[in-house]
Amino acid sequence: MESTSLVDAKGLRDRYVGSLRSDDVGKRVTVCGWVARVREHGEHLVFVDVRDYSGIVQVVAHSSVELRSEFVVRVAGTVAKRPEGTDNSSLATGEIELTDTAIEVLSEAEPSPFSLQDRAEIDEATRLRFRFLDLRRERMQQNIRVRAKINSAIRASMERQGFTEIETPLLWTPTPEGAREFVVPSRLHLGSSYVLPQSPQLAKQLLMVAGFDRYYQIARCLRDEDLRADRQFEFTQLDLEASFVTQRDVMSFISDAVTAASQAAGIPLEGEIGAITWKDAMDRFGVDKPDMRYGNELIDVTSVFAGTSIRALSAPCLKALVAPNPSSLTRSRLDNLVDRAKSLGAKGLLWLRVIPGSDGLQLESPVSKFLTEDESKNLVAATNVSDGDVILIVGDEWQKACEVLGQLRIDLGRNQANPGEFRYVWVIDFPLFEGIDEEGRLVSTHHPFTMPNQEDFDKLASDPLSVRSQSYDLVLNGWELGSGSIRIHRGDIQSRIFSLLGVTEEEASNRFGFLLEAFKYGAPPHGGFAFGIDRLTALLVGEENIREVIAFPKTQSGSDLMTGAPKQIEAKVWDLLGLSVKPQKKDLS
RNA sequence: GGACCUGUGGUGCAGCUUGGAGUGCACGUCGGCCUGUCAAGCCGAAGGUCGCGGGUUCAAAUCCCGUCAGGUCCGCCA
């Protein structure tokens, strides 16, 4: 276990076990902790490993002691050098042990439902049910402590850059747009509700109007959306906002914070964080959050098949990916890839395997007999493949083709990435609108308060989908850490955006009236950012799931297996809120 | 809302294709032996609703259907 800089032990003990060293030989000390392991050699010699917050020490006992793993003990003993040849180099305290010991059992423990040694992967449900034991394991102790260090480093970075920490309400007002909100019915206003904030977005903009200049908060955000490996109902963000700043400034604030956070986790960051435009990211990697640790970029082969008779290749855009591990792609795995592509929304996926032919390379594929010689030759040239390679092609609208193949690139390429490498990248120049909904209204990519790019202002009316915004995402190893933007601070621009989004003045004033009103009284130009600390921590400690860096997470179905939440509540509680619960479908049958 | 994977003594696994007595391995637990181990060792024992319900069959951990729980993903996450 990592040796922490320890405060002086107090109370029932005078030392943390992890701080004991050869220098202490001869001292009489008292320590407290849990029994990690007992090795009994008969009643005349018993070794007890005692573990506390700081580490493990070996305690030598000479009389039979009734101990089991996880008993809580207090041990008085003399620090002694271990006999010649019995040092344990894998233990920080491995040169010494406690002898002449008196062991007092402070708390007995039932046998643990699972091993607290890190050797075995324990069933997730069991871990979560006994989370208090799971958290005793070294890996979890490390994760949670690194998280604390990251938080601390982020705070220090923010303070250093002149930001003021301000808390914002958890009981907020509904803003029916974006993520589904957790609803908190009001007892004093029957029929009315607060919601838990999906982020402090509007609050922090009001703080800019209030003149705080630079605000930050390590803020809890809540979204009632389905959970994933990188998504929990509640998550923690570094949230910040600053006045009279440009996009560059905000990016530099955040760069400082994530650099500090990385260093706190023991990962040095070299150089500046690079940037890629959204369009480039989509075109080359097929995602707006590219994993920059490996190449294997998408290749545009639209022109190769410009005159093709193959229907699967008659599409506005053709994107190709050279599979990184072609020999593992058996026929059935290729079939799986086709299914995967379809589940991602593609009409199909075409694969072509490069095989040696009578004169040069040939392509083996379900469509090989329809391929012209020129097409084969040009495809091989465009993709720069050689014998044994497999080419995957998706044809569709540009964005769809990129997205589907981009996901396959991730599926196939994951093990190409070096797990010890950390590649941050900024993604900039997002489109202001991501598309048009069923009712013909434009949909914001980020949120409706995002400032359009100055250069694209005149295209707002003529070609709104081509308008870029002053927004930017931070990506680490293929995970979106967070996003931010320069906000609209002028009523006239905001009105234009609302009208493009199909939000009437009445709706706007219902939902965001307090913000729009505030903007009438002197709003500074401002912008900000927020990034997920759960995700950042998970990446920096090498975990693939944010549950591993959250003390008490929920399962994918939103249950807390330790407390049993969510639970049925008594009818009188609903009554007090003026509510009742409808019978469930399954109760009716 | 949908797809896929998993569910076998307290824990981790094997057994499942090809149905034939709850069969096996490792850890843990309990008892015994053991004076330098550190995943201690050796001997012995206990411990099971094969997630749950139904079906097929002479016979189901194994095949089929449903369901619950956990996980991964799609949708969703401004």
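Atoms considered below: every heavy atom in the structure, side chains included; atoms not considered: hydrogens, waters and symmetry mates. Every chain is numbered from 1 and lettered A, B, ... according to where its sequence line falls, protein lines coming before strand lines.
Counting distance only, with no hydrogens placed and no angle test, the side-chain atoms of A:Gln58 and the base atoms of B:U37 include a donor-acceptor pair under 3.5 Å. A donor and an acceptor atom sit less than 3.5 Å apart, one in the side chain of A:Asp226 and one in the base of B:G75. Side-chain atoms of A:Arg228 come within donor-acceptor range of the base of B:G75, with a qualifying N/O pair under 3.5 Å. Donor-acceptor pairing under 3.5 Å, judged by distance alone, is absent between the side chain of A:Glu110 and the base of B:G10. For B:C30, the base has no donor-acceptor partner in the side chain of A:Arg68 [N/O atoms by modelled type, under 3.5 angstrom].
Here B:G44 sits opposite B:C30 as a Watson-Crick or G-U wobble pair (both hydrogen-bonding atom distances under 3.5 Å). Pair check for B:G66 finds B:C52; Watson-Crick or G-U wobble, both atom distances under 3.5 Å. When both distances must be under 3.5 Å, the Watson-Crick or G-U wobble mate of B:C25 is B:G12.
Heavy-atom distances to RNA chain B give each of A:Phe449 and A:Lys554 a nearest nucleotide, and the one nearer the 5′ end belongs to A:Lys554. Each of A:Phe47 and A:Arg231 has a nearest nucleotide on RNA chain B; the 5'-most of these lies closest to A:Phe47.
Residue contacts shown for A:Ser557 are limited to sugar-phosphate atoms, with no base heavy atom under 4.0 Å away. A:Gln117 comes within 4.0 angstrom of nothing in the nucleic acid, heavy atoms only. Looking at heavy-atom distances under 4.0 Å, A:Glu43 makes no contact with the nucleic acid at all. Using a 4.0 Å heavy-atom criterion, one finds that A:Pro113 contacts the sugar-phosphate atoms exclusively. At a threshold of 4.0 angstrom between heavy atoms, the contacts of A:Arg511 with the nucleic acid are absent. Among the heavy atoms of the strands, none lies under 4.0 Å from A:Asp224. Residue A:Asp87 is classed as a base contact, given a heavy-atom separation below 4.0 Å to a base. Residue contacts for A:Ser485: at a heavy-atom cut-off of 4.0 Å it reaches no nucleic acid atom on any strand shown. Among the atoms of the strands shown, none is found under 4.0 Å from any heavy atom of A:Ser115. At a threshold of 4.0 angstrom between heavy atoms, the contacts of A:Gln232 with the nucleic acid are absent. Within 4.0 Å (heavy atoms only), A:Ser90 reaches no atom of the nucleic acid at all. Within the 4.0 angstrom heavy-atom criterion, no nucleotide atom of any strand lies near A:Thr175.
Rounded to whole Å, the P atom of B:U23 lies 16 Å from the corresponding atom of B:A45. Rounded to a whole angstrom, the distance from the C1' atom of B:C43 to that of B:G48 is 25 Å. B:C77 and B:G10 have their C1' atoms separated by 39 Å, given to the nearest Å. As rounded to the nearest Å, B:A60 and B:U18 have C1' atoms that lie 14 Å from one another. The P atoms of B:C65 and B:U56 are separated by 15 Å, rounded to the nearest whole Å. On the P atoms, B:U72 is 32 Å away from B:A26, given to the nearest whole Å. If you take atom P in B:U62 and the same atom in B:G53, they sit 12 Å apart, rounded to whole Å. Atom name C1', nucleotides B:C34 and B:G15: the rounded distance is 37 Å, in whole Å.
For A:Glu548 and A:Arg139, the salt-bridge test passes: some basic side-chain N is under 4.0 Å from an acidic carboxylate O. A salt bridge is defined here as a Lys NZ or Arg NE, NH1 or NH2 lying under 4.0 Å from an Asp or Glu carboxylate O, and A:Arg39 with A:Asp49 meets this definition.
Listed candidates were B:C38, B:G71, B:G36. Nearest to the side chain of A:Thr555 is B:G71. Listed nucleotides B:G36, B:C74, B:G12 differ in distance to A:Thr86; the shortest reach to its side chain belongs to B:G36. Closest to the side chain of A:Glu225, from the set B:C77, B:U35, B:C74, is B:C77. Taking every side-chain heavy atom of A:Arg340 into account, B:C74 is the closest of B:C74, B:G12, B:C77. For A:Ile122, taking side-chain heavy atoms from C-beta onward, the closest of the listed nucleotides B:G12, B:C77, B:U29 is B:G12.
Annotation for A:Phe182: atom CZ counts as buried by contact number, over 12 foreign heavy atoms lying within 6.0 Å. The neighbour count for A:Glu507 CD, taken as heavy atoms of other residues, nucleotides or ligands under 6.0 Å away, is above 12.
Atom-to-atom, CG of A:Leu344 to C1' of B:A3 comes out at 12 Å; the value is rounded to the nearest Å. Taking atom CD on A:Glu66 and atom C1' on B:G31, their separation rounds to 12 Å, with Å as the unit. The nearest whole Å value for the distance from the CG atom in A:Asp49 to the P atom in B:G36 is 17 Å. Atom pair A:Asp339:CG and B:C4:P shows a separation of 11 Å (rounding to whole Å applied). The CD-P distance, from A:Gln556 to B:U6, rounds to 16 Å in whole Å. A straight line from CZ of A:Arg127 to C1' of B:G71 spans 12 Å, rounded to a whole angstrom. For the pair A:Glu70 CD and B:G10 C1', the interatomic distance rounds to 14 Å; values are reported in whole Å. Nucleotide B:C43 holds its P atom 18 Å from the CD atom of A:Glu40, rounded to whole Å.
No hydrogens or angles considered: a donor-acceptor pair under 3.5 Å links the side chains of A:Thr175 and A:Glu181. At a cut-off of 3.5 Å, with distance as the only test, no side-chain donor of A:Gln58 or A:Asn88 sits close to an acceptor on the other residue. For the 3.5 Å distance criterion, the side chains of A:Gln201 and A:Gln205 qualify, holding a donor opposite an acceptor.
In this structure, A:Phe114 does not count as stacked on the base of B:U11 under the 5.5 Å centre distance and 30° plane angle limits.
OP1 or OP2 of B:U72 sits under 4.0 Å from a side-chain N or O of A:Asn545. In this model, the phosphate group of B:C76 is not approached by any side-chain N or O of A:Arg223 to a distance below 4.0 Å at OP1 or OP2. Contact check, A:Ser112 against B:G28: no side-chain N or O comes under 4.0 Å of OP1 or OP2. Under 4.0 angstrom from either OP1 or OP2 of B:U37 there lies no side-chain N or O belonging to A:Arg82. Note on A:Arg547: a side-chain N or O is less than 4.0 Å away from OP1 or OP2 of B:U72.
Between A:Phe529 and A:Trp426, the two ring planes are perpendicular [angle over 60°; tilted spans 30° to 60°]. Ring geometry, A:Trp278 versus A:Trp398: the interplanar angle exceeds 60°, so the pair is classed perpendicular (tilted spans 30 to 60°).
Under the 6.0 Å distance and 45° angle rule, A:Arg137 does not count as a cation-pi partner of A:Phe114.
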